[in-house]
Engineer: 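Attaching a single structure in C-alpha cells format; questions to follow.
In this chain, residues are counted from 1 in sequence order. Atoms considered below: every heavy atom in the structure, side chains included; atoms not considered: hydrogens, waters and symmetry mates.
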Amino acid sequence: MRAGADHPRWLPLRLLVAAAVLATAGCGRPPQPAPVPSAAMPTPSGPRAPADVVLLSEVDPSIVVDIRYAGPHNFVGRPVDGYDEPLCLLTRPAAEALRRVQDAARAQRLSLRVYDCYRPQRAADEFVRWAKDPAAQQTKAEFYPRVAKSRLFADGYLGAPTAHSRGSTLDLTLEPRPAPPRSSYSPGQPLVACTDPADRRFADGTLDMGTGFDCFDPLAHTADPRVTGAARTNRQLLERLMAEEGFVNYDREWWHYRYADEPYPDTYFDFPVARASLPR
C-alpha cells in the first residue's frame, strides 16, 4: 500500500501520541510489530534523490508501471501529495533485482505490474491525516468494506514512517502476457468491494490474487487460509519469484515487498516522485 507524499519533517507529537494509543498488530513471517509513527526514526533526508536512485523504466521498460497514488483510484480518492508524476523510483539494487524477477516472470508468459515504489515521507503523512478524518469515507466501499477506518493503523494496513520511503520497497502483482483487456477508472463510478470475487472486482487485467490491491482486510493477508485455488497459487508464485531475488513479503499485504539488502535501512526520503528529483 500499496503499500502503500508529504512534509520534510516527522509527525507532530500529537499524532505520535495518538498513534501510540492504537493497538499494534503483527507482521512479517514470523510476525513482527506493525509499523507505527515513532519519534526515534531519523529525519527525512534531502529534497533530491541520492545518486543510486533510478527510474525503473530505464532499468527494465517491460515492467508495467501503474502508480495508483499519482491518480484518483486509491484509498484516499485523489492524487497523493508528492506524486508529481506516475513513475516508479527505486534504489538501483532493488531495481536490478526486480529486473531479474521480471526475467523469471516472462519465462512463464507473465509480467510484473508495480502499483507503488518509492513513497515520499509527505505521502505517508497525508495518509495519517486521512486516517484521522472520520468524515473521509468515500472509498470505503472498495478499499476497506469490512474494517473500520479507525483500525487501519492498529491492524497494520498503514504505517508512518513507511519502508517505501527508504526507496527499496514496492507494491506489485503479476499479469498475463499478452495482457488482457483492462478497465479504466473514472472518478465517481460505483465502487466494488476489493474482497469480492475476481469477476466482480475492478478489472485491471492482473492475475487473481484473492483481493484487489490496497485491500485493507484480513483476506489480503498473504497466507490467509480462505484464499484457495488459483488465487492462492498466484500469491505463492509471486512470493517465490520475489524471494528468489532477495525480496521479503509483508504478511498482511500480498502485494508488498521489501528488498532485504536495502542500501538505506535507516533513512526516510522526502523528494517528490518526479524525474526532476533524480541525479543529473
Side-chain angles (χ1 to χ4, degrees), residues 1-4 22-36 66-69 73-77 80 112-117 119 124 127 130-131 137 139-160 162-164 169-175 183 185 191-243 247-258:
M1 330 217 335
R2 68 240 41 296
L22 297 175
T24 56
C27 73
R29 200 175 274 117
Q32 302 170 0
V36 295
D66 178 13
I67 305 300
R68 293 289 181 86
Y69 301 139
H73 191 202
N74 57 62
F75 64 87
V76 297
V80 176
L112 299 176
R113 175 189 287 220
V114 296
Y115 292 123
D116 190 34
C117 300
R119 181 184 306 165
F127 293 166
W130 172 85
Q137 300 277 354
T139 65
K140 179 175 176 60
E142 179 173 356
F143 293 100
Y144 52 108
R146 307 188 298 196
V147 175
K149 185 178 181 181
S150 60
R151 296 292 308 171
L152 296 183
F153 270 94
D155 290 352
Y157 299 116
L158 293 177
T162 170
H164 280 277
T169 293
L170 70 157
D171 299 333
L172 80 171
T173 189
L174 291 165
E175 65 176 43
S183 298
Y185 174 79
L191 300 179
V192 178
C194 59
T195 53
D196 275 5
D199 61 354
R200 294 180 55 189
R201 296 195 307 265
F202 179 76
D204 66 355
T206 58
L207 296 187
D208 179 18
M209 294 287 179
T211 75
F213 166 61
D214 259 0
C215 188
F216 302 147
D217 191 275
L219 199 64
H221 295 186
T222 308
D224 190 292
R226 294 169 296 173
V227 178
T228 59
R232 186 172 189 85
T233 299
N234 292 337
R235 289 188 185 189
Q236 291 172 339
L237 174 60
L238 178 61
E239 187 171 19
R240 178 175 62 79
L241 292 174
M242 295 295 284
F247 289 92
V248 180
N249 174 244
Y250 173 52
D251 72 343
R252 298 198 170 218
E253 299 174 345
W254 58 258
W255 55 83
H256 179 113
Y257 285 85
R258 175 182 60 84

Engineer: For the side chain to side chain contact (heavy atoms under 4.5 Å, CB included) test, which of Ile67, Thr206, Asn74 pairs with Tyr115?
Structural biologist: Thr206
Engineer: Hey, is Asp208 close enough to Arg201 for a salt bridge, meaning N to O under 4.0 Å?
Structural biologist: yes
Engineer: Is the gap between the ring centers of Trp130 and Phe143 under 6.0 Å?
Structural biologist: no
Engineer: Under 4.5 Å between any side-chain heavy atoms of Leu152 and Phe75, yes or no?
Structural biologist: no
Engineer: Output a table of donor-acceptor pairs, distance under 3.5 Å, between side-chain atoms of residues 192-200 and any protein atom two or more places apart or on a different chain; print 'none' if there are none.
Structural biologist:
| residue | atom | partner | partner atom | Å |
| --- | --- | --- | --- | --- |
| Asp196 | OD2 | Arg200 | NH2 | 3.2 |

Engineer: If I take atom CG from residue Leu112 and atom CG from residue Leu172, how far apart are they, to the nearest 0.5 angstrom?
Structural biologist: 5.5 Å
Engineer: Once you round to the nearest 0.5 Å, how far does CZ of Arg232 lie from CE of Met209?
Structural biologist: 13.0 Å
Engineer: Give, for atom OG1 of Thr169 and atom CZ of Phe247, the distance between the pair rounded to the nearest 0.5 Å.
Structural biologist: 9.0 Å
Engineer: Determine which pairs satisfy salt bridge (Lys or Arg N to Asp or Glu O under 4.0 Å) with at least one residue from residues 141-150, sequence neighbours left out, and list them in order.
Structural biologist: Arg146-Asp217
Engineer: Quickly, which of Thr222, Asp224, Thr173, Thr211 forms a side chain to side chain donor-acceptor pair (under 3.5 Å) with Trp254? Name it, please.
Structural biologist: Thr211
Engineer: Can you tell if the side chain of Met242 reaches within under 4.5 Å of the side chain of Asn249, non-hydrogen atoms only?
Structural biologist: no
Engineer: Does Asp204 reach the side chain of Glu175, with side-chain heavy atoms less than 4.5 Å apart?
Structural biologist: no
Engineer: How far does NE2 of His164 sit from CZ of Arg258, to the nearest 0.5 angstrom?
Structural biologist: 11.5 Å
Engineer: Of all residues at least two apart in sequence or in a different chain, which pass the salt bridge (charged side-chain N to carboxylate O under 4.0 Å, His left out) check with Asp66?
Structural biologist: Arg68, Arg113
